[in-house]
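One structure below.
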Amino acid sequence: PDDVEWSTQHAIDALARRGALQLFRSLTGPALSNRALLNAKAQISESVWLQRLAELKALGVIDEVRETGELRLSARGRRLQGLLDQLGSL
């Protein structure tokens with residue numbers, strides 16, 4: 001449906017911004033704390049990193065684990081990861 005296509009397009013646009021794909025890829029494994037994510041950033045200012053995190057949360061591709069406060073890919077994020085994996089295999 002149109003909503004799914006619109007959401008996917010906006011998520012892909014968001015991942016094209018500086019540092020966003022690196023942040024997204026950092027969460028393809030187990031959930032991570034904010035501190036661990038900040039330690040994973042390379043050559044990206046903390047303010048940009050935090051802005052990208054907020055954007056990806058707003059798009060619904062990153063969830064916060066209620067019990068621990070750790071971050072992980074949401075179901076939508078995992079679907080997006082599947083699309084990226086398919087594109088990478090072309």
Side-chain angles (χ1 to χ4, degrees):
D2 292 333
D3 288 343
V4 172
E5 291 173 17
W6 184 88
S7 297
T8 302
Q9 181 62 47
H10 279 80
I12 290 171
D13 289 344
L15 290 177
R17 295 185 187 114
R18 188 172 134 235
L21 185 58
Q22 180 188 355
L23 171 60
F24 183 83
R25 293 280 194 195
S26 296
L27 291 169
T28 58
L32 296 173
S33 67
N34 280 319
R35 180 177 303 280
L37 274 175
L38 284 171
N39 289 336
K41 71 179 181 64
Q43 308 286 326
I44 300 168
S45 72
E46 185 174 332
S47 62
V48 169
W49 190 255
L50 293 172
Q51 182 178 357
R52 297 302 175 255
L53 179 59
E55 291 167 358
L56 294 175
K57 280 183 174 180
L59 286 169
V61 297
I62 293 177
D63 279 338
E64 188 169 323
V65 179
R66 185 172 293 170
E67 298 81 18
T68 64
E70 292 179 320
L71 301 168
R72 64 179 176 203
L73 292 182
S74 65
R76 181 179 287 172
R78 290 188 301 278
R79 285 193 304 274
L80 182 59
Q81 179 61 46
L83 290 172
L84 292 174
D85 290 344
Q86 288 177 5
L87 287 172
S89 68
L90 294 177

Q) In chain order, what residues pass the side-chain hydrogen bond (donor to acceptor under 3.5 Å, both in side chains) check against Ser33, with sequence neighbours excluded? A)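 Applying side-chain hydrogen bond (donor to acceptor under 3.5 Å, both in side chains) to Ser33 gives none.
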Q) side-chain hydrogen bond (donor to acceptor under 3.5 Å, both in side chains) with Asn34: which residues, sequence neighbours excluded? A)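 None.
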Q | Heavy-atom pair of closest approach, residues Gln43 and Arg18 | A |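 Shortest heavy-atom contact: O-NH2, 4.0 Å.
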Q | Within one Ile-Leu-Val-Met-Phe-Trp-Tyr cluster: Val65 and Leu59, side-chain cutoff 4.5 Å | A |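 They do not share one cluster, since no chain of ILVMFWY contacts under 4.5 Å joins Val65 to Leu59.
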Q | For Arg17, all residues meeting salt bridge (Lys or Arg N to Asp or Glu O under 4.0 Å), sequence neighbours excluded | A |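 Expected list: Glu55.
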Q. Can you name the residues that form a salt bridge (Lys or Arg N to Asp or Glu O under 4.0 Å) with Glu70, not counting sequence neighbours?
A.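 With neighbours one apart ignored, the set is empty.
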[X]: which residues meet the side chain to side chain contact (heavy atoms under 4.5 Å, CB included) condition with it, sequence neighbours left out?
X     : answer
Glu46 : Leu38, Lys41, Leu50
Arg76 : Ser7, Val61, Ser74, Arg79
Ala16 : none

Q | Single hit among Leu56, Asp85, Leu73, Ile12 for side chain to side chain contact (heavy atoms under 4.5 Å, CB included) with Leu80 | A |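 Result: among Leu56, Asp85, Leu73, Ile12, Ile12 is the only option passing the side chain to side chain contact (heavy atoms under 4.5 Å, CB included) with Leu80.
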Q: Mind checking the CG-CZ spacing from Asp63 to Arg78? Nearest 0.5 Å is all I need.
A: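 Here the interatomic distance stands at 7.5 Å.
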Compile the donor-acceptor pairs under 3.5 Å between side chains in residues 19-28 and protein atoms, sequence neighbours left out, one pair per line.
from	atom 1	to	atom 2	distance (Å)
Gln22	NE2	Ala40	O	3.1
Arg25	NH1	Gln81	OE1	3.4
Ser26	OG	Gln22	O	2.9
Thr28	OG1	Arg25	O	2.9

